[in-house]
Every structure is written in C-alpha cells, then in structure tokens.
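Reckoned from all heavy atoms, side chains included, excluding hydrogens, waters and symmetry mates.
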Amino acid sequence: MPDERAPPPAAETGAARCRATGRFIAKEGAFALHGADADVWLELDPIPLHLLDEDVEITGRRYGASLIWVEAIGPVRSLS
C-alpha cells in the first residue's frame, strides 16, 4: 500500500532532487529553511524540533522556488 503522505513521483510533477543548507526555522505556523537568498517552505514529517534554530542540511525534492519536500534533515557537518 503506498504511503499517502508521500509526494507524487518527481517525474510526474517536474520536481528536482535537491540538497540545501540553511537555518531551520518556524515561520507563520509552518517550517522553513532560511538561506542567503530567501526562505524556502519545508514539507516534512516528523518535525525534528531539536534542530529548530540550528544550521541544517537537507535533501529532498524541490517543487518550484519556494517548497522542498524533505526526505532527510540533519545538522550541518563540521569541516574540522
């Protein structure tokens, strides 16, 4: 049985695979990735509240300029 919460396949929607970094923030009752250019809305479940207001790296599918369906999220890895 397919996961009803999963987004449609990328090929059907024109979504592109993406990787992005930025600050994971709460915004207007939802969650976003705050970056240098603009905030990008995030669709994710479960919500990793322990990462709120932290720099994170995400991978997922990008839908247009303002939405990412998050497949994985974690703290930004240190280079040291």
Side-chain angles (χ1 to χ4, degrees):
M1 176 179 282
D3 183 353
E4 293 176 8
R5 296 173 299 155
E12 294 178 13
T13 62
R17 304 270 311 146
C18 73
R19 171 178 252 137
T21 58
R23 177 131 334 223
F24 179 52
I25 61 170
K27 181 178 179 179
E28 300 176 16
F31 297 94
L33 186 67
H34 179 73
D37 297 331
D39 293 345
V40 178
W41 296 106
L42 301 176
E43 183 68 40
L44 67 166
D45 186 40
I47 314 274
L49 293 177
H50 66 285
L51 293 174
L52 200 56
D53 295 320
E54 299 289 333
D55 290 330
V56 297
E57 178 177 17
I58 63 169
T59 56
R61 297 180 191 163
R62 189 165 198 130
Y63 293 82
S66 62
L67 177 68
I68 297 174
W69 182 280
V70 177
E71 295 172 343
I73 183 171
V76 172
R77 290 181 234 153
S78 171
L79 297 177
S80 57

- When rounded to the nearest 0.5 Å, the distance separating CG of L33 from CD of E57 is 10.5 Å

- Message: Contact between F24 and I58 at the side-chain level, heavy atoms closer than 4.5 Å - yes or no?
- Response: no

- Message: Using a 3.5 Å distance criterion without hydrogens, assess whether the side chain of R23 forms a donor-acceptor pair with backbone atoms of D53.
- Response: yes

- Query: Is it true that L44 and L67 fall in one hydrophobic cluster, defined by side-chain heavy atoms closer than 4.5 Å?
  - Reply: no

- Audit row: R17, E71, side chain to side chain contact (heavy atoms under 4.5 Å, CB included) steps and yes/no: CA-CA 10 Å; R17 304 270 311 146; E71 295 172 343; 2.6 Å; yes

- Minimum heavy-atom separation for A20 to I68, with atom names? CB-CD1, 4.5 Å

- Query: Which heavy atom of A65 sits nearest a heavy atom of V40, and at what distance?
  - Reply: O-CG2, 4.1 Å

- Identified side chain to side chain contact (heavy atoms under 4.5 Å, CB included) counterpart of V56 within the set I25, L51, V70: L51

- Query: Is W69 linked to W41 within one hydrophobic cluster, defined over Ile, Leu, Val, Met, Phe, Trp and Tyr using a side-chain heavy-atom separation of less than 4.5 Å?
  - Reply: yes

